[in-house]
Number of protein chains: 2
Amino acid sequence: MLEGMARAVPETHGEILAAAARRFAVTGYKGTSLQDIARAVGCSKATVLYHFANKEALLCELMAPAIAVLEALDARLAGTTGAAAQEIAGEGFVDLAVRFRREIALLRDEFPDLLQQPAFAHIQQISERLIAAFAGHSGRPSAQIAAFVVLAGIAETCAEFIDVPDDELRPALLAVVRRALEPVT
Amino acid sequence: MLEGMARAVPETHGEILAAAARRFAVTGYKGTSLQDIARAVGCSKATVLYHFANKEALLCELMAPAIAVLEALDARLAGTTGAAAQEIAGEGFVDLAVRFRREIALLRDEFPDLLQQPAFAHIQQISERLIAAFAGHSGRPSAQIAAFVVLAGIAETCAEFIDVPDDELRPALLAVVRRALEPVT
DNA sequence: AGCATGCCTGACCGATCGGTCAGCACCTGA
DNA sequence: TCAGGTGCTGACCGATCGGTCAGGCATGCT
(Lines give C-alpha, C1' and ligand atoms only; values in the text may rest on other atoms or scores of the structure.)
Protein backbone atom coordinates (compact mmCIF):
# COMPACT_ATOMS: atom_id res chain seq x y z
CA MET A 1 0.00 0.00 0.00
CA LEU A 2 2.22 2.78 -1.19
CA GLU A 3 0.43 6.04 -0.56
CA GLY A 4 0.90 9.05 -2.74
CA MET A 5 2.45 7.05 -5.52
CA ALA A 6 1.59 8.34 -8.96
CA ARG A 7 -0.37 5.76 -10.86
CA ALA A 8 1.36 4.43 -13.92
CA VAL A 9 -1.02 4.01 -16.83
CA PRO A 10 -4.45 2.87 -15.68
CA GLU A 11 -6.91 4.75 -17.85
CA THR A 12 -9.60 2.08 -17.82
CA HIS A 13 -11.36 3.39 -14.75
CA GLY A 14 -12.11 6.70 -16.40
CA GLU A 15 -13.03 5.06 -19.68
CA ILE A 16 -15.58 2.87 -17.96
CA LEU A 17 -17.03 5.89 -16.18
CA ALA A 18 -17.34 7.84 -19.43
CA ALA A 19 -18.85 4.94 -21.33
CA ALA A 20 -21.31 4.28 -18.51
CA ALA A 21 -22.40 7.93 -18.57
CA ARG A 22 -23.03 7.69 -22.28
CA ARG A 23 -24.98 4.46 -22.08
CA PHE A 24 -26.98 5.44 -18.99
CA ALA A 25 -28.05 8.67 -20.70
CA VAL A 26 -29.49 6.70 -23.58
CA THR A 27 -31.00 3.60 -22.01
CA GLY A 28 -31.33 4.62 -18.36
CA TYR A 29 -29.77 3.01 -15.31
CA LYS A 30 -31.84 -0.14 -15.06
CA GLY A 31 -31.97 -0.37 -18.82
CA THR A 32 -28.20 -0.56 -19.12
CA SER A 33 -26.44 -3.79 -18.18
CA LEU A 34 -22.85 -4.11 -17.08
CA GLN A 35 -22.40 -6.14 -20.25
CA ASP A 36 -23.49 -3.12 -22.32
CA ILE A 37 -20.97 -0.89 -20.59
CA ALA A 38 -18.18 -3.43 -20.96
CA ARG A 39 -18.94 -3.78 -24.66
CA ALA A 40 -18.84 0.00 -25.12
CA VAL A 41 -15.45 0.17 -23.41
CA GLY A 42 -14.10 -2.88 -25.13
CA CYS A 43 -13.35 -4.87 -22.01
CA SER A 44 -15.04 -7.67 -20.11
CA LYS A 45 -17.85 -7.30 -17.63
CA ALA A 46 -15.51 -8.63 -14.97
CA THR A 47 -13.21 -5.68 -15.60
CA VAL A 48 -16.03 -3.26 -14.93
CA LEU A 49 -16.62 -4.99 -11.63
CA TYR A 50 -12.90 -4.96 -10.91
CA HIS A 51 -12.88 -1.15 -11.05
CA PHE A 52 -16.24 -0.63 -9.34
CA ALA A 53 -17.54 -2.63 -6.40
CA ASN A 54 -20.96 -2.96 -8.04
CA LYS A 55 -23.35 -1.25 -10.41
CA GLU A 56 -24.60 1.19 -7.79
CA ALA A 57 -21.05 2.30 -6.95
CA LEU A 58 -20.63 3.20 -10.60
CA LEU A 59 -23.75 5.33 -10.47
CA CYS A 60 -22.65 7.00 -7.24
CA GLU A 61 -19.32 8.06 -8.68
CA LEU A 62 -21.11 9.34 -11.76
CA MET A 63 -23.55 11.40 -9.75
CA ALA A 64 -21.15 12.73 -7.15
CA PRO A 65 -20.46 16.12 -8.77
CA ALA A 66 -24.14 16.82 -9.35
CA ILE A 67 -25.02 15.84 -5.81
CA ALA A 68 -22.30 18.10 -4.44
CA VAL A 69 -23.78 21.07 -6.28
CA LEU A 70 -27.26 20.13 -5.10
CA GLU A 71 -26.06 20.04 -1.50
CA ALA A 72 -24.39 23.44 -1.94
CA LEU A 73 -27.70 24.86 -3.19
CA ASP A 74 -29.48 23.31 -0.23
CA ALA A 75 -27.03 25.02 2.11
CA ARG A 76 -27.58 28.40 0.45
CA LEU A 77 -31.32 27.93 0.92
CA ALA A 78 -31.09 27.64 4.70
CA GLY A 79 -32.65 30.62 6.44
CA THR A 80 -34.21 32.13 3.33
CA THR A 81 -37.92 32.85 3.10
CA GLY A 82 -40.58 34.19 0.76
CA ALA A 83 -39.68 35.67 -2.58
CA ALA A 84 -35.96 35.55 -1.84
CA ALA A 85 -36.14 31.78 -1.32
CA GLN A 86 -38.05 31.41 -4.57
CA GLU A 87 -35.47 33.40 -6.50
CA ILE A 88 -32.46 31.59 -5.07
CA ALA A 89 -34.07 28.20 -5.57
CA GLY A 90 -35.09 29.09 -9.09
CA GLU A 91 -31.74 30.39 -10.25
CA GLY A 92 -29.82 27.69 -8.44
CA PHE A 93 -31.89 24.78 -9.62
CA VAL A 94 -32.10 25.94 -13.21
CA ASP A 95 -28.34 26.33 -13.30
CA LEU A 96 -27.82 22.91 -11.74
CA ALA A 97 -30.30 21.22 -14.03
CA VAL A 98 -28.80 22.72 -17.15
CA ARG A 99 -25.25 21.87 -16.15
CA PHE A 100 -26.03 18.31 -15.16
CA ARG A 101 -28.54 17.52 -17.87
CA ARG A 102 -26.92 14.19 -18.65
CA GLU A 103 -27.01 13.04 -15.05
CA ILE A 104 -30.66 13.99 -14.79
CA ALA A 105 -31.44 12.17 -18.01
CA LEU A 106 -29.93 8.96 -16.73
CA LEU A 107 -31.72 9.26 -13.42
CA ARG A 108 -35.13 10.16 -14.64
CA ASP A 109 -36.37 6.71 -15.46
CA GLU A 110 -35.58 5.33 -12.06
CA PHE A 111 -35.68 8.37 -9.82
CA PRO A 112 -38.28 6.99 -7.39
CA ASP A 113 -36.45 3.68 -7.07
CA LEU A 114 -33.05 5.26 -6.69
CA LEU A 115 -34.22 7.53 -3.88
CA GLN A 116 -35.11 4.49 -1.83
CA GLN A 117 -31.56 3.26 -1.80
CA PRO A 118 -29.53 4.32 1.24
CA ALA A 119 -26.82 5.95 -0.86
CA PHE A 120 -29.29 8.55 -2.12
CA ALA A 121 -31.63 8.75 0.84
CA HIS A 122 -30.87 12.34 1.77
CA ILE A 123 -31.67 13.59 -1.73
CA GLN A 124 -35.31 13.11 -0.90
CA GLN A 125 -35.09 15.56 2.00
CA ILE A 126 -33.14 18.08 -0.03
CA SER A 127 -35.74 18.05 -2.78
CA GLU A 128 -38.48 18.55 -0.21
CA ARG A 129 -36.70 21.65 1.08
CA LEU A 130 -36.24 22.78 -2.51
CA ILE A 131 -39.96 22.50 -3.15
CA ALA A 132 -40.70 24.41 0.03
CA ALA A 133 -38.38 27.16 -1.19
CA PHE A 134 -40.08 27.19 -4.60
CA ALA A 135 -43.37 27.63 -2.75
CA GLY A 136 -41.85 30.56 -0.87
CA HIS A 137 -42.43 28.56 2.31
CA SER A 138 -46.12 29.24 1.89
CA GLY A 139 -48.33 26.55 3.36
CA ARG A 140 -50.91 26.90 0.59
CA PRO A 141 -51.46 23.64 -1.30
CA SER A 142 -51.67 25.53 -4.59
CA ALA A 143 -48.19 26.94 -3.98
CA GLN A 144 -46.84 23.46 -3.27
CA ILE A 145 -48.42 22.17 -6.44
CA ALA A 146 -46.97 25.00 -8.50
CA ALA A 147 -43.58 24.34 -6.93
CA PHE A 148 -43.72 20.69 -7.87
CA VAL A 149 -44.76 21.44 -11.43
CA VAL A 150 -41.78 23.75 -11.77
CA LEU A 151 -39.27 21.36 -10.21
CA ALA A 152 -40.37 18.32 -12.17
CA GLY A 153 -40.89 20.29 -15.36
CA ILE A 154 -37.40 21.76 -15.30
CA ALA A 155 -35.76 18.42 -14.64
CA GLU A 156 -37.69 16.66 -17.36
CA THR A 157 -37.13 19.45 -19.85
CA CYS A 158 -33.39 19.53 -19.29
CA ALA A 159 -33.23 15.81 -19.84
CA GLU A 160 -35.24 16.14 -23.02
CA PHE A 161 -33.57 19.17 -24.62
CA ILE A 162 -30.14 17.66 -24.24
CA ASP A 163 -28.77 19.18 -27.44
CA VAL A 164 -29.94 22.75 -26.92
CA PRO A 165 -27.00 24.97 -25.91
CA ASP A 166 -26.86 26.09 -22.28
CA ASP A 167 -27.12 29.75 -23.13
CA GLU A 168 -30.44 29.21 -24.82
CA LEU A 169 -31.93 26.78 -22.33
CA ARG A 170 -31.04 28.58 -19.12
CA PRO A 171 -32.78 31.93 -19.69
CA ALA A 172 -35.86 30.27 -21.15
CA LEU A 173 -36.19 28.06 -18.09
CA LEU A 174 -35.61 30.95 -15.72
CA ALA A 175 -38.37 32.90 -17.43
CA VAL A 176 -40.79 30.00 -17.02
CA VAL A 177 -39.92 29.60 -13.37
CA ARG A 178 -40.49 33.27 -12.58
CA ARG A 179 -43.84 33.22 -14.33
CA ALA A 180 -45.05 29.91 -13.00
CA LEU A 181 -44.38 30.13 -9.28
CA GLU A 182 -47.21 31.41 -7.15
CA PRO A 183 -46.37 34.91 -5.87
CA VAL A 184 -45.98 35.01 -2.10
CA THR A 185 -48.09 37.53 -0.25
CA MET B 1 -59.84 -20.35 -4.36
CA LEU B 2 -62.54 -17.72 -4.55
CA GLU B 3 -64.99 -16.98 -1.76
CA GLY B 4 -67.73 -19.51 -1.12
CA MET B 5 -69.84 -17.84 -3.79
CA ALA B 6 -70.08 -19.97 -6.86
CA ARG B 7 -68.75 -17.94 -9.76
CA ALA B 8 -71.36 -18.07 -12.46
CA VAL B 9 -69.40 -15.58 -14.50
CA PRO B 10 -65.73 -15.69 -13.59
CA GLU B 11 -64.42 -12.15 -13.49
CA THR B 12 -60.80 -13.04 -13.16
CA HIS B 13 -60.01 -10.93 -16.18
CA GLY B 14 -61.19 -7.79 -14.45
CA GLU B 15 -59.55 -8.74 -11.18
CA ILE B 16 -56.20 -9.15 -12.89
CA LEU B 17 -56.64 -5.80 -14.59
CA ALA B 18 -57.44 -4.08 -11.31
CA ALA B 19 -54.58 -5.72 -9.46
CA ALA B 20 -52.17 -4.86 -12.25
CA ALA B 21 -53.26 -1.22 -12.11
CA ARG B 22 -52.59 -1.14 -8.38
CA ARG B 23 -49.19 -2.81 -8.64
CA PHE B 24 -48.06 -0.82 -11.67
CA ALA B 25 -48.92 2.41 -9.90
CA VAL B 26 -46.61 1.49 -7.04
CA THR B 27 -43.67 -0.24 -8.67
CA GLY B 28 -44.01 0.87 -12.30
CA TYR B 29 -44.42 -1.27 -15.40
CA LYS B 30 -40.96 -2.78 -15.69
CA GLY B 31 -40.69 -2.97 -11.93
CA THR B 32 -43.76 -5.18 -11.65
CA SER B 33 -43.45 -8.82 -12.67
CA LEU B 34 -46.30 -11.04 -13.82
CA GLN B 35 -45.57 -13.04 -10.71
CA ASP B 36 -46.29 -9.98 -8.57
CA ILE B 37 -49.63 -9.43 -10.28
CA ALA B 38 -50.58 -13.10 -9.98
CA ARG B 39 -49.75 -13.05 -6.27
CA ALA B 40 -51.90 -9.94 -5.76
CA VAL B 41 -54.84 -11.59 -7.50
CA GLY B 42 -54.32 -14.95 -5.85
CA CYS B 43 -53.85 -16.93 -9.02
CA SER B 44 -50.93 -18.35 -10.93
CA LYS B 45 -48.76 -16.46 -13.37
CA ALA B 46 -50.01 -18.79 -16.09
CA THR B 47 -53.55 -17.59 -15.43
CA VAL B 48 -52.50 -13.99 -16.01
CA LEU B 49 -51.05 -15.07 -19.36
CA TYR B 50 -54.19 -17.02 -20.13
CA HIS B 51 -56.30 -13.85 -19.91
CA PHE B 52 -53.75 -11.57 -21.58
CA ALA B 53 -51.57 -12.46 -24.53
CA ASN B 54 -48.52 -10.91 -22.87
CA LYS B 55 -47.46 -8.23 -20.45
CA GLU B 56 -47.77 -5.44 -23.00
CA ALA B 57 -51.34 -6.43 -23.86
CA LEU B 58 -52.15 -5.99 -20.18
CA LEU B 59 -50.72 -2.50 -20.24
CA CYS B 60 -52.57 -1.63 -23.44
CA GLU B 61 -55.95 -2.61 -22.02
CA LEU B 62 -55.14 -0.62 -18.89
CA MET B 63 -54.23 2.49 -20.82
CA ALA B 64 -57.01 2.33 -23.42
CA PRO B 65 -59.44 4.76 -21.72
CA ALA B 66 -56.73 7.34 -21.10
CA ILE B 67 -55.50 7.08 -24.65
CA ALA B 68 -59.02 7.51 -25.99
CA VAL B 69 -59.39 10.77 -24.07
CA LEU B 70 -55.97 11.91 -25.25
CA GLU B 71 -56.95 11.26 -28.85
CA ALA B 72 -60.19 13.19 -28.35
CA LEU B 73 -58.20 16.16 -27.05
CA ASP B 74 -55.88 15.89 -30.02
CA ALA B 75 -58.87 16.05 -32.35
CA ARG B 76 -60.24 19.15 -30.61
CA LEU B 77 -56.85 20.79 -31.06
CA ALA B 78 -56.92 20.50 -34.83
CA GLY B 79 -57.24 23.89 -36.48
CA THR B 80 -56.73 25.94 -33.35
CA THR B 81 -53.99 28.54 -33.06
CA GLY B 82 -52.49 31.06 -30.69
CA ALA B 83 -54.02 31.77 -27.31
CA ALA B 84 -57.07 29.64 -28.08
CA ALA B 85 -54.89 26.60 -28.67
CA GLN B 86 -53.06 27.26 -25.43
CA GLU B 87 -56.29 27.48 -23.48
CA ILE B 88 -57.85 24.37 -24.98
CA ALA B 89 -54.66 22.36 -24.54
CA GLY B 90 -54.26 23.61 -20.97
CA GLU B 91 -57.78 22.85 -19.82
CA GLY B 92 -57.93 19.60 -21.74
CA PHE B 93 -54.61 18.22 -20.59
CA VAL B 94 -55.05 19.24 -16.96
CA ASP B 95 -58.41 17.52 -16.91
CA LEU B 96 -56.99 14.41 -18.56
CA ALA B 97 -53.98 14.29 -16.27
CA VAL B 98 -56.05 14.67 -13.13
CA ARG B 99 -58.57 12.03 -14.17
CA PHE B 100 -55.98 9.50 -15.24
CA ARG B 101 -53.42 10.14 -12.54
CA ARG B 102 -52.98 6.46 -11.85
CA GLU B 103 -52.28 5.63 -15.46
CA ILE B 104 -49.72 8.41 -15.66
CA ALA B 105 -48.08 7.23 -12.47
CA LEU B 106 -47.57 3.76 -13.84
CA LEU B 107 -46.25 5.06 -17.12
CA ARG B 108 -43.88 7.65 -15.85
CA ASP B 109 -40.93 5.47 -15.09
CA GLU B 110 -40.86 3.94 -18.52
CA PHE B 111 -42.43 6.58 -20.72
CA PRO B 112 -39.51 6.89 -23.15
CA ASP B 113 -39.22 3.13 -23.55
CA LEU B 114 -42.93 2.59 -23.95
CA LEU B 115 -43.22 5.19 -26.68
CA GLN B 116 -40.80 3.19 -28.79
CA GLN B 117 -43.12 0.21 -28.87
CA PRO B 118 -45.41 0.05 -31.89
CA ALA B 119 -48.56 -0.12 -29.80
CA PHE B 120 -47.91 3.39 -28.47
CA ALA B 121 -46.09 4.89 -31.40
CA HIS B 122 -48.70 7.51 -32.26
CA ILE B 123 -48.70 8.88 -28.71
CA GLN B 124 -45.39 10.48 -29.54
CA GLN B 125 -46.93 12.49 -32.38
CA ILE B 126 -49.94 13.49 -30.32
CA SER B 127 -47.73 14.81 -27.55
CA GLU B 128 -45.71 16.78 -30.07
CA ARG B 129 -48.90 18.44 -31.31
CA LEU B 130 -49.89 19.06 -27.70
CA ILE B 131 -46.62 20.83 -27.03
CA ALA B 132 -47.05 22.92 -30.17
CA ALA B 133 -50.48 23.94 -28.92
CA PHE B 134 -49.06 24.81 -25.49
CA ALA B 135 -46.56 27.00 -27.31
CA GLY B 136 -49.42 28.71 -29.12
CA HIS B 137 -47.86 27.39 -32.33
CA SER B 138 -45.13 29.94 -31.88
CA GLY B 139 -41.84 28.88 -33.38
CA ARG B 140 -39.83 30.53 -30.62
CA PRO B 141 -37.60 28.05 -28.77
CA SER B 142 -38.44 29.68 -25.45
CA ALA B 143 -42.12 29.00 -26.06
CA GLN B 144 -41.36 25.36 -26.86
CA ILE B 145 -39.33 25.06 -23.70
CA ALA B 146 -42.07 26.61 -21.58
CA ALA B 147 -44.55 24.25 -23.19
CA PHE B 148 -42.45 21.24 -22.34
CA VAL B 149 -41.97 22.35 -18.75
CA VAL B 150 -45.72 22.67 -18.38
CA LEU B 151 -46.54 19.35 -20.01
CA ALA B 152 -43.97 17.34 -18.11
CA GLY B 153 -44.57 19.21 -14.87
CA ILE B 154 -48.29 18.56 -14.91
CA ALA B 155 -47.88 14.89 -15.67
CA GLU B 156 -45.29 14.39 -12.96
CA THR B 157 -47.25 16.39 -10.42
CA CYS B 158 -50.45 14.42 -11.02
CA ALA B 159 -48.57 11.21 -10.55
CA GLU B 160 -47.04 12.49 -7.33
CA PHE B 161 -50.06 14.12 -5.69
CA ILE B 162 -52.13 11.00 -6.13
CA ASP B 163 -54.10 11.46 -2.91
CA VAL B 164 -55.05 15.11 -3.35
CA PRO B 165 -58.73 15.40 -4.33
CA ASP B 166 -59.48 16.32 -7.93
CA ASP B 167 -61.24 19.54 -7.01
CA GLU B 168 -58.15 20.84 -5.31
CA LEU B 169 -55.59 19.65 -7.84
CA ARG B 170 -57.32 20.75 -11.01
CA PRO B 171 -57.69 24.50 -10.35
CA ALA B 172 -54.19 24.74 -8.92
CA LEU B 173 -52.72 23.13 -12.04
CA LEU B 174 -54.80 25.31 -14.33
CA ALA B 175 -53.52 28.38 -12.55
CA VAL B 176 -49.92 27.27 -13.00
CA VAL B 177 -50.46 26.54 -16.67
CA ARG B 178 -51.95 29.95 -17.38
CA ARG B 179 -49.11 31.69 -15.58
CA ALA B 180 -46.31 29.58 -16.98
CA LEU B 181 -47.03 29.49 -20.69
CA GLU B 182 -45.35 32.15 -22.78
CA PRO B 183 -47.96 34.69 -23.96
CA VAL B 184 -48.37 34.58 -27.69
CA THR B 185 -47.98 37.90 -29.43
C1' DA C 1 -73.53 -41.50 -20.94
C1' DG C 2 -69.88 -39.12 -23.65
C1' DC C 3 -67.78 -35.19 -25.35
C1' DA C 4 -66.33 -30.49 -25.93
C1' DT C 5 -65.17 -26.27 -24.07
C1' DG C 6 -63.61 -22.70 -20.72
C1' DC C 7 -60.71 -21.81 -16.93
C1' DC C 8 -56.79 -22.68 -14.55
C1' DT C 9 -52.35 -24.78 -13.08
C1' DG C 10 -47.35 -26.62 -12.11
C1' DA C 11 -43.49 -27.58 -14.46
C1' DC C 12 -40.55 -26.00 -17.45
C1' DC C 13 -37.75 -23.05 -20.99
C1' DG C 14 -34.21 -19.83 -22.75
C1' DA C 15 -32.46 -15.46 -21.87
C1' DT C 16 -30.46 -12.09 -19.08
C1' DC C 17 -29.35 -9.98 -14.96
C1' DG C 18 -25.64 -8.56 -11.16
C1' DG C 19 -21.97 -10.57 -9.09
C1' DT C 20 -17.97 -14.13 -7.76
C1' DC C 21 -13.73 -16.48 -8.42
C1' DA C 22 -9.48 -18.80 -9.76
C1' DG C 23 -6.04 -17.85 -12.47
C1' DC C 24 -3.20 -15.67 -16.38
C1' DA C 25 0.10 -12.05 -18.24
C1' DC C 26 2.78 -8.38 -17.09
C1' DC C 27 5.62 -5.27 -14.52
C1' DT C 28 8.55 -4.03 -10.66
C1' DG C 29 11.79 -4.04 -6.81
C1' DA C 30 14.83 -6.78 -4.04
C1' DT D 1 16.01 -14.66 -10.46
C1' DC D 2 11.87 -14.68 -8.44
C1' DA D 3 8.09 -13.13 -5.27
C1' DG D 4 4.33 -10.24 -5.31
C1' DG D 5 1.16 -6.73 -6.80
C1' DT D 6 -1.83 -4.92 -10.69
C1' DG D 7 -4.96 -5.28 -14.40
C1' DC D 8 -7.74 -8.17 -16.53
C1' DT D 9 -10.39 -12.29 -18.07
C1' DG D 10 -13.54 -16.54 -19.06
C1' DA D 11 -16.21 -19.54 -16.76
C1' DC D 12 -19.53 -19.84 -13.74
C1' DC D 13 -23.44 -18.95 -10.15
C1' DG D 14 -28.17 -18.18 -8.35
C1' DA D 15 -32.03 -15.46 -9.17
C1' DT D 16 -35.58 -13.65 -11.91
C1' DC D 17 -37.64 -12.40 -15.99
C1' DG D 18 -41.56 -13.13 -19.80
C1' DG D 19 -43.52 -16.79 -21.92
C1' DT D 20 -44.94 -21.93 -23.32
C1' DC D 21 -47.20 -26.24 -22.77
C1' DA D 22 -49.63 -30.45 -21.60
C1' DG D 23 -52.91 -31.62 -18.77
C1' DG D 24 -56.57 -31.40 -14.79
C1' DC D 25 -61.08 -30.08 -13.31
C1' DA D 26 -65.38 -28.36 -13.77
C1' DT D 27 -69.49 -27.31 -16.46
C1' DG D 28 -72.93 -27.63 -20.10
C1' DC D 29 -74.54 -29.51 -24.54
C1' DT D 30 -76.04 -33.57 -27.24
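So that the names make sense, note that chain A is the first sequence line, chain B the second, and so on, each numbered from 1.
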Measure from CG on A/N54 to P on D/dC13 and round the result to the nearest Å. 22 Å
Who are the ring pair (Phe, Tyr, Trp, His ring centres under 6.0 Å) partners of B/F24, not counting sequence neighbours? B/Y29
Return the value, rounded to whole Å, for the distance between atom CG of B/L34 and atom P of D/dG18. 4 Å
Could you identify which residues of residues 36-44 of chain A place a heavy atom less than 4.0 Å from some atom of DNA chain D, listed by residue number, or say none? A/C43, A/S44
Calculate the interatomic distance between B/E11 atom CD and C/dC7 atom C1'; express it in whole Å. 14 Å
Going by an N to O cut-off under 4.0 Å, is there a salt bridge joining B/E160 and B/R101? no
Atom pair distance, as rounded to whole Å: CD in B/E56 and P in D/dG19: 9 Å
Scan nucleotides 20-26 of chain C against the protein and return all N/O pairs shorter than 3.5 Å with their distances rounded to 0.1 Å.
none

Residues in side chain to side chain contact (heavy atoms under 4.5 Å, CB included) contact with B/A89, at least two apart in sequence or another chain: B/L77, B/L130, B/A133, B/F134
Pairs flagged by side-chain hydrogen bond (donor to acceptor under 3.5 Å, both in side chains) wherever residues 145-155 of chain A is involved - sequence neighbours left out: none
Could you tell me how far apart B/Y50 (OH) and D/dC21 (P) are, to the nearest whole angstrom? 16 Å
Please give the angle, rounded to 10 degrees, between the axes at the start and the end of the helix from C/dA1-D/dT30 to C/dA30-D/dT1, where five pairs define each axis. 30°
Rounded to whole angstrom units, what separation is found between the CZ atom of A/F52 and the P atom of D/dC8? 11 Å
Contacts of B/A175 meeting side chain to side chain contact (heavy atoms under 4.5 Å, CB included) (sequence neighbours excluded), chain-then-number -> B/R179
Name all pairs fulfilling the side-chain hydrogen bond (donor to acceptor under 3.5 Å, both in side chains) condition that reach into residues 128-141 of chain A, sequence neighbours left out, sorted by first residue then second. A/D74-A/R129, A/Q124-A/E128, A/R140-A/E182
Presence of salt bridge, A/R170 and A/D95, under 4.0 angstrom: yes
C/dC7 OP1/OP2 closer than 4.0 Å to side-chain N/O of B/T12: no
Using heavy atoms to find the nearest nucleotide of DNA chain C for A/T32 and B/V48 separately, return the residue whose nucleotide is more 5′. B/V48
Please give, in whole Å, the distance from C/dG6 P to B/H13 NE2? 16 Å
Can you tell me the distance, in whole Å, between the NE2 atom of A/H51 and the P atom of D/dT6? 12 Å
Please list all pairs passing the salt bridge (charged side-chain N to carboxylate O under 4.0 Å, His left out) test where one or both residues lie in residues 37-57 of chain A, with sequence neighbours left out. A/D36-A/R39
Listed by chain and number, what are the ring pair (Phe, Tyr, Trp, His ring centres under 6.0 Å) partners of B/F100, not counting sequence neighbours? none
Closest to the B/K55 side chain: C/dT9, D/dG19, C/dG19? D/dG19
Please list all pairs passing the side-chain hydrogen bond (donor to acceptor under 3.5 Å, both in side chains) test where one or both residues lie in residues 75-84 of chain B, with sequence neighbours left out. none
Minimum side-chain heavy-atom gap B/V69-B/L73 below 4.5 Å: no
Test ring pair (Phe, Tyr, Trp, His ring centres under 6.0 Å) applied to B/F120 - qualifying residues, sequence neighbours left out: none
Using a 4.0 Å heavy-atom cut-off across all strands, classify B/S33 as base, sugar-phosphate, or nothing. sugar-phosphate
